[in-house]
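Only heavy atoms go into these numbers, but all of them, side chains included; no hydrogens, no water, no symmetry mates. Below, read A as the first sequence line, B as the second, and so on, with proteins coming before strands; counting in each chain starts at 1.
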2 protein chains.
Amino acid sequence: MSNFEALFDYIQEISGKLLSEDDKHLLMEHFKPKKLRKRQYFLQEGDVCKYIGFIVKGSARTFTVDEKGHEHILKLSLENWWLADFESFYLLTPSRFNIEALENLEVLQSTNAQIEEYLKHIPAFSAMANVISQNYTIANQKRMQAAMSYTAEERYEDLISNYPQFLQRFPQNMIASYLGLSPETLSRIRKNALK
Amino acid sequence: MSNFEALFDYIQEISGKLLSEDDKHLLMEHFKPKKLRKRQYFLQEGDVCKYIGFIVKGSARTFTVDEKGHEHILKLSLENWWLADFESFYLLTPSRFNIEALENLEVLQSTNAQIEEYLKHIPAFSAMANVISQNYTIANQKRMQAAMSYTAEERYEDLISNYPQFLQRFPQNMIASYLGLSPETLSRIRKNALK
DNA sequence: CGATTAACTTGATCTGGGTCAAGACCATGA
DNA sequence: TCATGGTCTTGACCCAGATCAAGTTAATCG
């Protein structure tokens, strides 16, 4: 119940449109609540990402494991973010990513086919999708630029100003991996920053 | 005339839908042909990106200049690609990027307001926009992963298999910058690859 | 065409950040 | 309660790739 309120609020806020009662019923019919305990996987490498999840509560990380066994975190996700490997979700190919709950996680999940229906029938939903797609494009552009032109220190400063919540919610080694750094290097950067 | 054929073909191919004669007239009415000579700028840092361009012929690079004066290429673009800093284009903020023609360039350009109209009135156009947005999201995910987990050599191999045309069309120092490498390093990688 | 400038190569050296190792500082739960 | 395993810090060392320098090849243009 209250789970869905979070989703409704989110859609209305991002899209700038209201959901009708019918819209809400349609959403409740096909978004399924799912709970994961800390360390459980929402998606495993090699599987097809059949579901997209809306995070109601908790946090997660999307990461790969390279052939040397090192993990690389590509995304850290909190409440009101969407959880999926979009490549696998759209194309139905096996995913190269893992998505793991970092805290106990409550999501509302749906399939690609169902999302298509929402896009067709719920104007607020498709308006939201357009806004999100813009935001993603912008965020990706920024992150790519940061990865290419910034030093480790600058990337950390950038994170502090753009995503201050991350520092409260994620352990430091996860943040290091997200920034493309070893935990030791991030530790030293933080030490230096207390000049 | 033939310029527009390239755009029409592209929209129809990507969207999987046909354009009506009315659709085509609407597109021809508001997409303006523009020619740039090699080294001319489509967009300069600090300006708002008012136009999005569809490349009919030629190539371009999107890059930033950091405070040390070093250039970083974020995107290399060829025929049938779209040219814009989407952050600036969507939000009307001053751009942090430069877009420069690397060869004589012919584009068809349009404004954000006009694109909104196309999205509303031309089904093939909005279907195309959805597909592109998916493709961008996927490509960005891949590129980010490559930047984080791959070595210089692996990134170059990756480029060869994903964008072999780049090697014909772009000078090596541009490719180096696109891969986040110094020209010297790329030169050495290529030398080694001829084992 | 030469001549000038840009692109590419090769070598020598330097450095940001990774790796390895060891210890300190926790949470969590049996 | 203390034992266990995860997280963070610190130091010593190392390496992929950058930087600097100089020479070579290839475009470009009057």
Checking only heavy atoms, does the side chain of A/E184 share a donor-acceptor pair with the base of D/dC8 at less than 3.5 Å? no
So do the side chains of A/I115 and A/F31 get within less than 4.5 Å of each other, counting heavy atoms only? yes
Taking CZ from A/F170 and C1' from D/dC8, how many angstroms apart are they, rounded to a whole number? 18 Å
Over how many whole Å does the gap from A/L181 atom CG to D/dT9 atom C1' extend? 16 Å
Please give, in whole Å, the distance from D/dC15 P to B/E153 CD? 16 Å
Counting side-chain heavy atoms from C-beta on, which of D/dG11, C/dT9, C/dG18 comes nearest to A/S182? C/dG18
Of all the nucleotides listed (C/dT10, C/dG18, D/dG17), which has the minimum atom distance to the side chain of B/A152? D/dG17
Determine whether the aromatic ring centres of A/F86 and A/Y136 lie less than 6.0 Å apart. yes
Side chains of B/Q40 and B/E100, heavy atoms from C-beta outward: is any pair under 4.5 Å? no
Could you check how far CD1 of B/I175 sits from C1' of C/dA7, rounded to whole Å? 13 Å
To the nearest angstrom, how far is B/K38 atom NZ from D/dT28 atom C1'? 9 Å
Angle between ring planes, A/F54 versus A/Y10, binned at 30° and 60°: parallel, tilted or perpendicular? tilted
Between C/dT9 atom C1' and B/N192 atom CG, what is the distance in whole Å? 13 Å
Mind calculating the distance between CE (A/M148) and C1' (C/dG16) to the nearest angstrom? 17 Å
Under-4.0 Å side-chain N/O to phosphate OP1/OP2 contact, B/T185 with D/dA18: yes
Ignoring hydrogens and angles, does a donor from either the side chain of A/R188 or the base of C/dT19 sit under 3.5 Å from an acceptor on the other? yes
For a quick test of reading the model: is some side-chain N or O of B/K191 closer than 4.0 Å to OP1 or OP2 of C/dT9? no
B/Y156 vs B/R190, side chain to side chain donor-acceptor pair (under 3.5 Å): CA-CA, chis, key distance, verdict: CA-CA 9 Å; B/Y156 180 63; B/R190 284 166 52 87; 3.0 Å; yes
Map B/R39 and A/Q172 onto DNA chain D by nearest heavy atom, then report which one ends up closer to the 5' terminus. A/Q172
OP1 or OP2 of D/dA18 less than 4.0 angstrom from a side-chain nitrogen or oxygen of B/K68, does that happen here? no
At under 4.0 Å between heavy atoms, what does A/L186 touch on the DNA or RNA strands: base, sugar-phosphate, or nothing? nothing
Provide, to the nearest angstrom, the distance between the CG atom belonging to B/N173 and the C1' atom belonging to C/dT10. 17 Å
